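Just so it is clear, the model here is predicted, and its values are computed rather than measured.
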Amino acid sequence: AGPSREHLIPLSSTPHKHSTPPHVTKRTVSTMSGRVQVIPQISQETFDQVIKENIDDFDMTPEEAVADAAEQFISQGVDLGNILQRAPTEGADGVTEAHPALTAIEAYMAFISDPKAAAGPIVAVLESIKAHCKETPVKLLVGNNGGLAVLLAGCERFSSPEALADPALAAVTVAAFEALCGLLFEQPDLAGPVQADCIATTEGETARPTPEIMRLCGLVKATTAAADRVHAHALKACRYSVFMHESNRQAFVVDGLIEMCLASAETHPGSAQVVLQATQTLRSLTKDDDPRVPFGRGNEHTKQICTEYRGLERLLKVLQACHAGADPEPSTAAELFKTLSQLALRDEYCKKIVDLGCLDYVLPALEAFAANETVAHAGCTLLRAVAGNDEVKRLIGARGGIALIVDTMQQQLRSEKVAEQGAAALAALLLKTPANATALAAVGGPHVLVTVMHMHAGAPKLQRQACMALRNCVVRNRELVDDVLGQGAEAVLNIALTNHKDCVDEAKSALRDLGCKVELRERWTGKKNGIDGSVRAD
């Protein structure tokens, strides 16, 4: 009888039949509920070793060995998302053959050092690398075998002044940067490990740039005068390197990426792809999206952009330059609107954005491109952000902003995201501003709000914002109650109250201020029972 299959692949102290217990690491992920979950992972070497033992010790075919190993690991809760599930192949000499992606990396490395290499074969091998790196396990295999260093060296070689001046190498340069971005996409750890000592506390030392990060920043500088497509890919590579990676984000800021992004947008205001990547990369530096760390510095980076680097003034100048062009690109304005809205975190920033003339661009953009979903969404998002300042609310209302938002929502009724941001902008603009509530009623705003609530009944975020907008419309303007109720507000508010737990308070507040029947319960009065439900002595 052959060896028993029971407990073949242990992850703890369980008895095992394999000669070497697999080395298990932990991966931290953020779930949809916001909780942090730790998932065990193994290395590619461990998986390959188990396949080999399945073949040698249990006489399995390669296909059976792979399937059995995967089944055993998955049954014990191991995440195989980083594993290339294939049996290693051996050549005629008995040596295990390298994966085609690694073979392509070796060929590319040889081309880099050969000044006489023709462009055609280089592009072909880069396309092969890019195709293979669409799979996460292959990316990790390439990264763990020095692939990032090779791709960085290639980008440095083909973005040198001599290479950029050679028209024959133009396609090679673009392909080199595309391959680099393909490897880094969703794999920011390749650019630098988590520097736990720098992110354990809010007062921790700022993370230090790794050699890879410094080389990536060097590519952004080197390609400033290159073709727009090349420079955009250099910025994109940096953005991919900070995705859900706090210490990389801090390290890039230390190495000057904020200034590089702003300078790129200023240098190429007429290039939609450069402005797109520059603004998206700038926004990525303000995020706090790494579930592996307790604290992020997104707010500190936002403050740096707005004060130390004068980002608001510089972005408004880029917006002005884009608007002054012969054929303004709507998507460019939309990206700048998104960036400004993400920087409007403080009251003084909201006021400053408007003082710098933001409304001179966002309001005409909504009027001219209301049918463009991207512009409509970005414009409403920006108005929502700056409406946090009371003086700005009154100014937007006086300049016809309420009517423009309502018209935009009317033209984009089928777009859930435009409806959500439009309702949110109206809710912010109406808060404690009776004149804006009157303006909303005058242009049929309550009808549009009720309509989008009917059309997107399953969108809790939109429902919540629309509830607040309806409530703010009447809370200081009692004369508008009959008008709002006449549009069918009570029915949609009750539907939202029934279907969405996230907007119960907002729906009840709106129903209460509209004079509708609503059950209001005191959850806790401080008497008898404690807030946790425990019985208290009198």
Side-chain angles (χ1 to χ4, degrees), residues 2-11 14 16-27 29 39-110 124-151 154 175 178-190 240:
S4 170
R5 298 293 298 151
E6 185 179 6
H7 306 308
L8 176 63
I9 306 173
L11 297 182
T14 307
H16 60 87
K17 296 298 180 183
H18 280 268
S19 58
T20 306
H23 176 66
V24 181
T25 58
K26 303 290 185 180
R27 181 170 72 95
V29 298
I39 301 177
Q41 286 188 326
I42 57 171
S43 67
Q44 184 70 51
E45 291 75 14
T46 297
F47 190 80
D48 291 345
Q49 177 189 357
V50 171
I51 292 175
K52 186 175 185 302
E53 293 186 16
N54 277 348
I55 295 172
D56 295 343
D57 298 345
F58 299 99
D59 297 326
M60 293 185 182
T61 65
E63 293 76 15
E64 291 173 337
V66 172
D68 181 81
E71 180 184 354
Q72 292 290 331
F73 279 120
I74 292 172
S75 68
Q76 298 183 62
V78 176
D79 174 30
L80 296 181
N82 63 320
I83 297 301
L84 196 62
Q85 297 184 36
R86 53 88 177 104
T89 56
E90 294 184 354
D93 55 0
V95 178
T96 301
E97 293 182 353
H99 189 277
L102 298 181
T103 303
I105 287 289
E106 289 183 5
Y108 183 45
M109 186 163 52
V125 77
L126 284 168
E127 291 295 332
S128 175
I129 293 171
K130 188 169 67 171
H132 285 301
C133 285
K134 290 181 179 179
E135 299 180 44
T136 297
V138 178
K139 291 182 186 179
L140 294 173
L141 180 67
V142 171
N144 293 334
N145 285 273
L148 178 59
V150 174
L151 292 177
E178 287 179 344
L180 176 64
C181 290
L183 179 63
L184 288 172
F185 179 63
E186 294 185 346
Q187 296 300 323
D189 285 0
L190 295 177
Y240 286 165

In chain order, what residues pass the side-chain hydrogen bond (donor to acceptor under 3.5 Å, both in side chains) check against [X], with sequence neighbours excluded?
X      : result
Gln187 : none
Asp56  : Lys52
Asp189 : His245, Arg292

Parallel under 30°, tilted from 30 to 60°, perpendicular over 60°: which one fits the rings of His132 and His99?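 If you compare the ring of His132 with that of His99, the planes turn out perpendicular.
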Can you give me the closest heavy-atom contact between [X] and [Y], atom names plus distance?
X      : Y      : result
Gln41  : Asp79  : NE2-OD2, 3.0 Å
Gln85  : Ala70  : OE1-CB, 3.5 Å
Ala87  : Pro62  : CB-CB, 3.7 Å
Leu183 : Cys133 : CD1-SG, 4.1 Å
Ala101 : Val142 : CB-CG2, 3.8 Å
Ala179 : Leu151 : O-CD1, 3.8 Å

Residues in side-chain contact (heavy atoms from CB on, under 4.5 Å) with [X], at least two apart?
X      : result
Ala65  : Ile51, Asn54, Ile55, Met60
Asn145 : Leu102, Leu141
Ala67  : none
Glu135 : Leu84, Pro137, Val138

Look up atom CG in Leu184 and atom CG in Leu190, then write down how far apart they are to the nearest 0.5 Å.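 Those atoms lie 6.5 Å apart.
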Phe73/Ile83 under side chain to side chain contact (heavy atoms under 4.5 Å, CB included): CA gap, chis, key distance, verdict: CA-CA 11 Å; Phe73 279 120; Ile83 297 301; over 6 Å; no
Assess, by modelled atom type and distance only, whether the side chains of Glu45 and Gln49 contain a donor and an acceptor separated by less than 3.5 Å.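 Distance-only check fails for Glu45 and Gln49.
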Keeping the roles fixed (side chain from Asn82, backbone from Ser43), state whether a donor-acceptor pair exists under 3.5 Å.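 Not confirmed, Asn82 side chain does not pair with Ser43 backbone.
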According to salt bridge (Lys or Arg N to Asp or Glu O under 4.0 Å), who are the partners of Glu64, at least two apart in sequence or on a separate chain?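 Glu64: no salt bridge (Lys or Arg N to Asp or Glu O under 4.0 Å) contacts found.
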Could you tell me which residues satisfy ring pair (Phe, Tyr, Trp, His ring centres under 6.0 Å) with Tyr108, sequence neighbours excluded, listed by chain and number?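 In terms of ring pair (Phe, Tyr, Trp, His ring centres under 6.0 Å), with neighbours along the sequence ignored, Tyr108 is linked to no residue.
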Decide side chain to side chain contact (heavy atoms under 4.5 Å, CB included) for Leu140 and Gln44; before the verdict, give the C-alpha distance in whole Å, the side-chain angles of both, and the deciding distance to 0.1 Å. CA-CA 9 Å; Leu140 294 173; Gln44 184 70 51; over 6 Å; no
Within-4.5 Å side-chain heavy-atom neighbours: Gln72 and Asp68: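 Gln72 reaches Asp68 side chain to side chain.
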